[in-house]
Amino acid sequence: MNAITAPKSSALNRLEGYALIAMFQGFPIFAVTVLLLKLLGSHIIIAEKAGAPVFVAVAAVLYALVTPFLARKFPKGFKKGYEPLFFDASLSFGDKITRWCSQPTASRQLLKNVIMLSLLAVAVVSLG
């Protein structure tokens, strides 16, 4: 049975791409940044009650908005920081995630992020 789906609007497709970049690429970077600041004893961002979560959320969104533009301008510098698959209008949101996760480089990136965040979290809790 062939199902014909309505074409996705370009605005929705861009929103999905930005959301995926923010979640899978930006969030881990800035979560590690906050953990490192906490580990090093810096109180620049983490002194405020909601400072760290707000910083991570805002920085991840800004990263997601700027990365596609810079990746098109400097493709060599953004090989690992940008995934064109996230902006493929022919794929659903779930299919974008599934295809990205099935790539060997994405699997390694996710594994590195989990290990790095886990180690930093243990260090912060044990030293903090």
Side-chain angles (χ1 to χ4, degrees):
M1 179 165 134
N2 292 335
I4 299 174
T5 58
K8 188 185 309 184
S9 73
S10 64
L12 177 62
N13 186 53
R14 280 194 312 274
L15 180 64
E16 289 177 356
Y18 294 143
L20 290 169
I21 288 175
M23 285 187 300
F24 293 121
Q25 295 174 333
F27 184 80
I29 292 169
F30 299 108
V32 165
T33 303
V34 168
L35 284 171
L36 282 172
L37 287 171
K38 174 78 173 170
L39 188 61
L40 296 173
S42 175
H43 298 288
I44 295 170
I45 296 170
I46 54 179
E48 298 293 324
K49 184 175 182 176
V54 169
F55 168 76
V56 171
V58 170
V61 169
L62 289 175
Y63 177 84
L65 294 173
V66 170
T67 299
F69 171 75
L70 292 176
R72 286 190 293 272
K73 292 264 189 202
F74 309 104
K76 289 183 181 179
F78 283 85
K79 277 189 280 191
K80 296 181 182 180
Y82 172 70
E83 182 56 58
L85 180 68
F86 290 162
F87 293 93
D88 186 349
S90 66
L91 298 173
S92 69
F93 190 75
D95 288 341
K96 291 176 183 182
I97 295 170
T98 303
R99 288 209 184 160
W100 181 71
C101 287
S102 66
Q103 297 176 0
T105 55
S107 298
R108 279 192 299 268
Q109 181 183 7
L110 289 172
L111 184 62
K112 286 181 207 176
N113 287 342
V114 167
I115 291 170
M116 182 173 40
L117 285 167
S118 300
L119 288 173
L120 280 171
V122 169
V124 167
V125 169
S126 65
L127 297 176

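The first residue of the sequence shown is numbered 1, and numbering continues consecutively from there. This one's a predicted model, so the numbers in the text were calculated from it and none came from an experiment.
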Inset, instruction - Let me see the working for V32 and M116 under side-chain contact (heavy atoms from CB on, under 4.5 Å), right down to the final yes or no. - result: CA-CA 8 Å; V32 165; M116 182 173 40; 3.8 Å; yes

Inset, instruction - May I ask you to test the S118-V122 pair for a side-chain heavy-atom distance under 4.5 Å? - result: no

Legend entry - Heavy atoms from other residues, nucleotides or ligands near OH of Y18 exceed 12 (cutoff 6.0 Å): yes

Inset, instruction - Can you see which heavy atom on A121 is nearest to which on L35, and at what distance? - result: N-CD1, 4.1 Å

Inset, instruction - Check side-chain contact (heavy atoms from CB on, under 4.5 Å) between L37 and all other residues, then give those that pass, not counting sequence neighbours. - result: T33, S42, I45

Inset, instruction - Would you indicate whether the side-chain heavy atoms of I21 and F87 approach each other to under 4.5 Å? - result: yes

Inset, instruction - First locate atom CZ of R108, then atom CG of N113, and finally report the distance between them rounded to the nearest 0.5 Å. - result: 13.0 Å

Legend entry - Distance-minimising heavy-atom pair for L110 and C101: CD1-SG, 4.0 Å

Legend entry - Under the side chain to side chain donor-acceptor pair (under 3.5 Å) test, residues paired with S90 that sit two or more places apart: D88

Legend entry - Residue pair A31 / L117: nearest heavy atoms and the distance that separates them: CB-CD2, 3.9 Å

Let me check something: any side-chain donor-acceptor pairs from residues 91-100 under 3.5 Å, sequence neighbours excluded? List them with distances.
| residue | atom | partner | partner atom | Å |
| --- | --- | --- | --- | --- |
| S92 | OG | D95 | N | 3.2 |
| S92 | OG | D95 | OD2 | 3.2 |
| K96 | NZ | N13 | OD1 | 2.6 |
| K96 | NZ | E16 | OE1 | 2.9 |
| K96 | NZ | F86 | O | 3.1 |
| T98 | OG1 | G94 | O | 2.9 |

Side-chain polar contacts of residues 56-78 - donor-acceptor pairs under 3.5 angstrom, sequence neighbours left out - could you list them?
| residue | atom | partner | partner atom | Å |
| --- | --- | --- | --- | --- |
| Y63 | OH | G81 | O | 3.4 |
| T67 | OG1 | Y63 | O | 2.5 |

Inset, instruction - Indicate if V114 and M23 have the same hydrophobic cluster label, given that clusters are the connected sets of ILVMFWY residues with side-chain heavy-atom separations under 4.5 angstrom. - result: no

Legend entry - Cluster companions of L119 among Ile, Leu, Val, Met, Phe, Trp, Tyr (side-chain spacing under 4.5 Å): L111, I115

Inset, instruction - For residues V34 and A52, report the shortest heavy-atom separation together with the two atoms involved. - result: CG1-CB, 3.5 Å

Legend entry - Residues that S9 engages under side-chain contact (heavy atoms from CB on, under 4.5 Å), provided they are two or more places apart: A11, L12

